[in-house]
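The structure under discussion appears below in the form of structure tokens.
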Amino acid sequence: MDYMDSGMRYLPKSDSDWDPSVQFLPASDNKKLEKKKGPSKIGALFGVIIFAAVIALMTGLLVWHFHYRKDVRVKKIYTGSLHITNQVFENAYENSNSTEFQALAKQVISQLKAVYSKSPALAKYYIGSTVQAFSEGSVIAYYLSEFSVPKGQEASVDSAILSMDKLVDKTQRSFSRAGSDLVFDDVVASALDTRMLATSFHGVYRYSLHTSPNLKSLIKSVGFPDAPYPPNSFATWELRADPGYVLKLDFDTVFLEEDCKNDFIKIYDSLAAIESRTLEEICGHYSPTDPLGFISSGNVMLLTMATNDENNYPGFKAVVSQIPRQELKCGGKLTGKKGSFSSPNYPNYYPPRTTCQWSIEVPAGKVVKVSFKIFLLFEPGDQNLPICSKDYVEIKHKKLCGEKPADAVTETSNSNKLSVKFYSDDSFVDRGFLAEYEAVDPQDFCPKQFQCDNGLCKNLELKCDGWNDCGDMSDELNCECKSEDIKCKNGLCKPMMWKCDGIDDCGDGTDEKDCGGCPSGELTCNNNKCVSEKKHCDGNNDCGDGSDELGCQSDSDVSCTDLTYRCQNNKCISKVNPECDETTDCKDASDEKNCDCGKNLIKTSRIVGGQNAAEGEFPWQVSLQVSGNHVCGAALISNIWLLTAAHCVQDVPTIRYSQPSTWKVYLGLHTQGVAENVVTRNLQQIIPHPNYNSYTYDNDIALMKLDSPVDNTDYIRPICMPSPQHVFETGESVWITGWGARREGGGAATTLQKAKVRIINSETCNKLMGDQITSRMLCAGVLEGGIDACQGDSGGPLSVPSISGRMFLGGLVSWGEGCAQKNKPGIYTRITKFRGWITEKMGV
């Protein structure tokens, strides 16, 4: 069924305007076609046959060319609106079944046909039109027109439709009209989104709502919240407000497929699906804490929702209200030494067709400095242009648009006055901006701050700290390195903690030179003692910690130390990380037992700064939920046991997280709200570590026992547990996963996120974190910032790849300072320190 099917059907007219007959001229002298010798009758017969074949072939080609090829048609649907200036809106026009509606619609359709007839590019392909709705102003008609266009001619028809306003104007000026004719103005038209043309929609739903002052109305997708929205469906909501009011649409819940090619919501500043009046296209999942609100430019709005036949989700719920148009006033005069201003409706989406002008004036003798703390003016089609032709902020005769980091846009006036203009066009809106202004000394634009070469102001402590805070490196040039800094050969200064961390922070390799520790010919022990390389694997504990005897192949018994692997027969081997490496090292083969773990079905190799994980890539990842909401992560370590963070199971005044009955466990989950491949369990027992310290997060680990075992599948499988002696090397790349916030203070992720980070030296980490790191904690992250675990990731696994391809559980997400801040790594519970406690409590 087609978009907004009104019940009228249009069939293409049969083409009969060509003559299929073709005539050919005969040869002037038939004798010249005869052979001089041979049987003339046979030659003549062959000649006739060949001649007939040629005629048949050419006739066939011509018939194909002029008939079949011409008959390849493309169905084109265009939507639009037009202003009828000589009519007054009546309430009956809201009802498409009323006689008043049908009479005016018939007149609009008749005059549209007359307009199309004046265009050679449109007249011969036009099928018919329907009127979808009317609204105030005097009267605005929203229409849909259908054309049957020969393949290859679509571009010319598209071009003609885009010029409908000029065609209407020319038609109305060129011909005399009757006094009863409608007068059209402000004509808009564009091609309908082809996703709304699908003929396979099993269900089509149409709703209308006229709001009232001081009343909030609820709209929701079909089936919400009791059932997923129906597949192969198309729904529209025609929303109206009283004259003099605008509509306010605030989404409470949005939970659709991630890919807008499949299921999507589109919102229009119109009562027809006119692409040039699109406000936004929405799919995926939005948290209730992430504001998603829209305002119309007039008193109408259209919401559409289309779904395909796969992966149906809960849908959406939204609140519709109307507010007086005058409440949208923006701009004005701003005075004083400092203040702030923002785009209308911030932090929600600004309305379309809006212009605001702020005149800022500060005390005489000062100048105005404006800094944009939030700047989100992105519109499709305008992101790569050197000029901002759509939505923009204009300041000091410069137009600014797109997405820009905090404080990346800072402008200073030449006097104590400054003008700022905001403009939004007819389509696609964004969240807008938040700006601050202040009066500054014209001789010092950055009081008590450092001024970058690009005009930005930065805190003085950021000067020469090793980071490119300005963006143009001006804060890191001409620096006098401190005695505790690394002095790079290229003149840069870098923190000493970055020396020998495996990364070329200087850019010229200075910080990664002379990192051996011990002189040439000597071995560096784990306790930093130096011994001769000749003593490696000589059977003697020369280092004192046994590290010089690790990795040695020997048939003789190896002394058991804290660094050696102990087999089940209580014999020790010196090999580093021998467990589950697919090589039998223990004589009792115990190092290769219980190794159905740490593998996934993935053959290939916003967590803040992360990316979507593939389905089944981390089958040990668990979602712990309370009342249907994801709260913490966990790791599956056997068919019945989970590990999570102890701080996840601490009671709060309103919820008893320590009780098993509080939780619901989701295994095999990839996208929140999607039950495919998911197994749920209740909890039988929760065992937090008895020495957990809620102030320091030391011993932040807890065991959870499922109420019944789970079977291994492609999407559910435990992660391998490391032995107490397992070594996780500094600088080793590891994976963090979870559904937590994709940015600090942001909303939760819908799809499981993954991010690659590195294990960070404990001594370096302890310095960065103010001496708060214990031996039971492990640090991992990216010191440059931008990648980290965040709220909602707590208790989730730190997965460490091994040579065999299996993943080992290195840690559990525990704590950190903020999310993805530079020089602030994530802190994880170090699993190797708790193997004895885990084994004891599991009873294995």
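What you see is a predicted model; the values in this text were computed from it and never measured. For the numbers below, each heavy atom of this structure counts, side chains included, while hydrogens, waters and symmetry mates do not.
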Note to self: How about NZ on K106, more than 12 heavy atoms from neighbouring residues, nucleotides or ligands closer than 6.0 Å, or not?
What the structure shows: no

Next item on the list: Show your working on side chain to side chain donor-acceptor pair (under 3.5 Å) between Y126 and S117 and close with a plain yes or no.
Entry: CA-CA 8 Å; Y126 178 60; S117 70; over 6 Å; no

Next item on the list: Report yes if some heavy atom in the side chain of H202 is under 4.5 Å from a heavy atom in the side chain of P231; otherwise report no.
Entry: no

Note to self: Set out, in order, the CA-CA distance, both residues' side-chain angles and the distance that settles side-chain contact (heavy atoms from CB on, under 4.5 Å) for L247 and V320, then state yes or no.
What the structure shows: CA-CA 7 Å; L247 284 159; V320 183; 3.8 Å; yes

Checklist line | Pair listing, disulfide (SG to SG under 2.5 Å) test, anchored in residues 227-280, at least two apart | finding: C260-C283

Next item on the list: Find the distance between OG1 (T751) and CD (E615) and round it off to the nearest 0.5 Å.
Entry: 9.5 Å

Check: For C401 and D391, which heavy atoms make the closest approach, and how far apart are they?
Finding: CB-O, 3.3 Å

Margin query: Using a strict threshold of under 4.0 Å (side-chain N to carboxylate O), is an ion pair present between E154 and K75?
Written below: no

Next item on the list: Ignoring hydrogens and angles, state whether a donor on the side chain of T278 or E280 is under 3.5 Å from an acceptor on the partner side chain.
Entry: no

Next item on the list: Please name the pair of heavy atoms, one in D250 and one in G293, separated by the smallest distance, quoted to 0.1 Å.
Entry: OD1-CA, 3.4 Å

Item checked: Identified side chain to side chain contact (heavy atoms under 4.5 Å, CB included) partner of L279 from the options I295, V429, L302 -> V429

Next item on the list: With sequence neighbours excluded, tell me which residues meet ring pair (Phe, Tyr, Trp, His ring centres under 6.0 Å) with F341.
Entry: W358, F433

Next item on the list: Test side-chain contact (heavy atoms from CB on, under 4.5 Å) on D263 and N312 and set out the steps.
Entry: CA-CA 8 Å; D263 302 341; N312 298 305; 4.2 Å; yes

Checklist line | Residues which pass salt bridge (Lys or Arg N to Asp or Glu O under 4.0 Å) with K333, listed by chain and number, not counting sequence neighbours | finding: E361

Next item on the list: Return yes if a side-chain donor-acceptor contact under 3.5 Å exists between Y313 and T671, otherwise no.
Entry: no

Margin query: Would you compute the distance between atom CZ of F224 and atom NZ of K317 and round it to the nearest 0.5 angstrom?
Written below: 5.5 Å

Margin query: Treating H670 as the side-chain partner and L752 as the backbone partner, does any N or O pair qualify as donor plus acceptor under 3.5 Å?
Written below: no

Notebook entry, point to check: If you draw a 6.0 Å radius around NZ in K373, do more than 12 non-hydrogen atoms from other residues or ligands fall strictly inside?
Noted result: yes

Next item on the list: Determine, step by step, whether T307 and F201 satisfy the side-chain contact (heavy atoms from CB on, under 4.5 Å) criterion, reporting the C-alpha distance in whole Å, the side-chain angles of both residues, the deciding distance to 0.1 Å, and the verdict.
Entry: CA-CA 8 Å; T307 71; F201 286 136; 5.9 Å; no

Notebook entry, point to check: So, N86 side chain and S138 main chain: donor-acceptor pair closer than 3.5 Å or not?
Noted result: no

Check: Would you say S190's side chain and I274's backbone share a donor-acceptor pair under 3.5 angstrom?
Finding: no

Checklist line | Test side chain to side chain contact (heavy atoms under 4.5 Å, CB included) applied to I265 - qualifying residues, sequence neighbours left out | finding: F251, L256, I267, I282, L303, M305, F316

Note to self: A side-chain contact here means heavy atoms from C-beta on lying under 4.5 Å apart; do W739 and Q672 qualify?
What the structure shows: yes

Item checked: Pair D242, Q322: side-chain N/O donor-acceptor within cut-off below 3.5 Å -> yes

Note to self: Treating R73 as the side-chain partner and S148 as the backbone partner, does any N or O pair qualify as donor plus acceptor under 3.5 Å?
What the structure shows: yes

Next item on the list: Starting at CD of Q102, measure out to CG of N95 and round the result to the nearest 0.5 Å.
Entry: 8.5 Å

Margin query: If the test is side chain to side chain donor-acceptor pair (under 3.5 Å), which one of E379, R277, E275 qualifies with S427?
Written below: E379

Note to self: What I want to check is whether the side chains of E146 and S129 have a donor and an acceptor closer together than 3.5 Å.
What the structure shows: no

Note to self: Measuring only between side-chain heavy atoms, which start at C-beta, is V370 closer than 4.5 Å to I395?
What the structure shows: yes

Next item on the list: Decide whether E436 and S371 meet the rule of one side-chain donor and one side-chain acceptor closer than 3.5 Å.
Entry: no

Check: Below 6.0 angstrom between ring centroids: does that apply to Y78 and Y143?
Finding: no

Check: Between Y392 and K399, is there a cation-pi geometry (under 6.0 Å to ring centre, at most 45° from the normal)?
Finding: yes

Notebook entry, point to check: Taking the side chain from S159 and the backbone from A155, do they hold a donor-acceptor pair closer than 3.5 Å?
Noted result: no

Notebook entry, point to check: Does the side chain of D269 come under 3.5 Å of the side chain of S296 through a donor N or O and an acceptor N or O?
Noted result: no

Margin query: Does R195 qualify as a cation-pi partner of F264, given the criterion of NZ or CZ under 6.0 Å from the six-membered ring centre and within 45 degrees of its axis?
Written below: yes

Checklist line | Side chain to side chain, N348 and F294, heavy atoms closer than 4.5 Å | finding: no

Next item on the list: Applying side chain to side chain contact (heavy atoms under 4.5 Å, CB included), name anything that partners V139, two or more places apart in sequence or on another chain.
Entry: I84, Q87, F89, Y93, L104, F134

Notebook entry, point to check: Can you check whether Y142 reaches T79 side chain to side chain, under 4.5 Å on heavy atoms?
Noted result: no

Check: Looking at residues at least two apart in the chain, or sitting in another chain, which of them share a salt bridge (Lys or Arg N to Asp or Glu O under 4.0 Å) with D158?
Finding: K76

Margin query: Do E238 and H210 make a side-chain contact, defined as non-hydrogen atoms from C-beta onward lying under 4.5 Å apart?
Written below: no

Notebook entry, point to check: Would you say the side chains of T354 and Y423 form a donor-acceptor pair under 3.5 Å?
Noted result: no

Margin query: Can you list everything that forms a ring pair (Phe, Tyr, Trp, His ring centres under 6.0 Å) with Y205? Sequence neighbours excluded, please.
Written below: none

Item checked: Residues in side chain to side chain contact (heavy atoms under 4.5 Å, CB included) contact with V409, at least two apart in sequence or another chain -> F372, L400, K404

Notebook entry, point to check: Taking only residues at least two apart or on different chains, which pairs with a member in residues 342-354 satisfy salt bridge (charged side-chain N to carboxylate O under 4.0 Å, His left out)?
Noted result: R353-D426

Notebook entry, point to check: Can you name the side chain to side chain contact (heavy atoms under 4.5 Å, CB included) partners of A121, sequence neighbours left out?
Noted result: S119, A160

Note to self: Do the side chains of D259 and K261 get close enough for a salt bridge, i.e. N-O under 4.0 angstrom?
What the structure shows: no

Next item on the list: Compare every heavy atom of F422 with every heavy atom of L377, then report the nearest pair and how far apart it is.
Entry: CD2-CE1, 3.9 Å

Notebook entry, point to check: Just by distance, with hydrogens left out, do E136 and N299 show a side-chain donor and acceptor under 3.5 Å apart?
Noted result: yes

Check: Considering all heavy atoms of both residues, which atom of L144 and which atom of Q132 are nearest to each other, and what is their separation?
Finding: CB-NE2, 3.7 Å

Next item on the list: Please round to the nearest 0.5 Å and tell me the distance separating atom CD of E257 and atom CG of N262.
Entry: 4.0 Å

Margin query: Holding to salt bridge (Lys or Arg N to Asp or Glu O under 4.0 Å), I want the full list of residues that pass it with D309, two or more places apart in sequence or in another chain.
Written below: none

Notebook entry, point to check: E411: what forms a salt bridge (Lys or Arg N to Asp or Glu O under 4.0 Å) with it, not counting sequence neighbours?
Noted result: K398

Check: Which is it for Y350 and D430 under the side-chain contact (heavy atoms from CB on, under 4.5 Å) test, yes or no, and what are the steps along the way?
Finding: CA-CA 6 Å; Y350 51 76; D430 205 342; 3.7 Å; yes

Note to self: Keeping T211 on the side-chain end and R240 on the backbone end, is there a donor-acceptor pair under 3.5 Å?
What the structure shows: yes

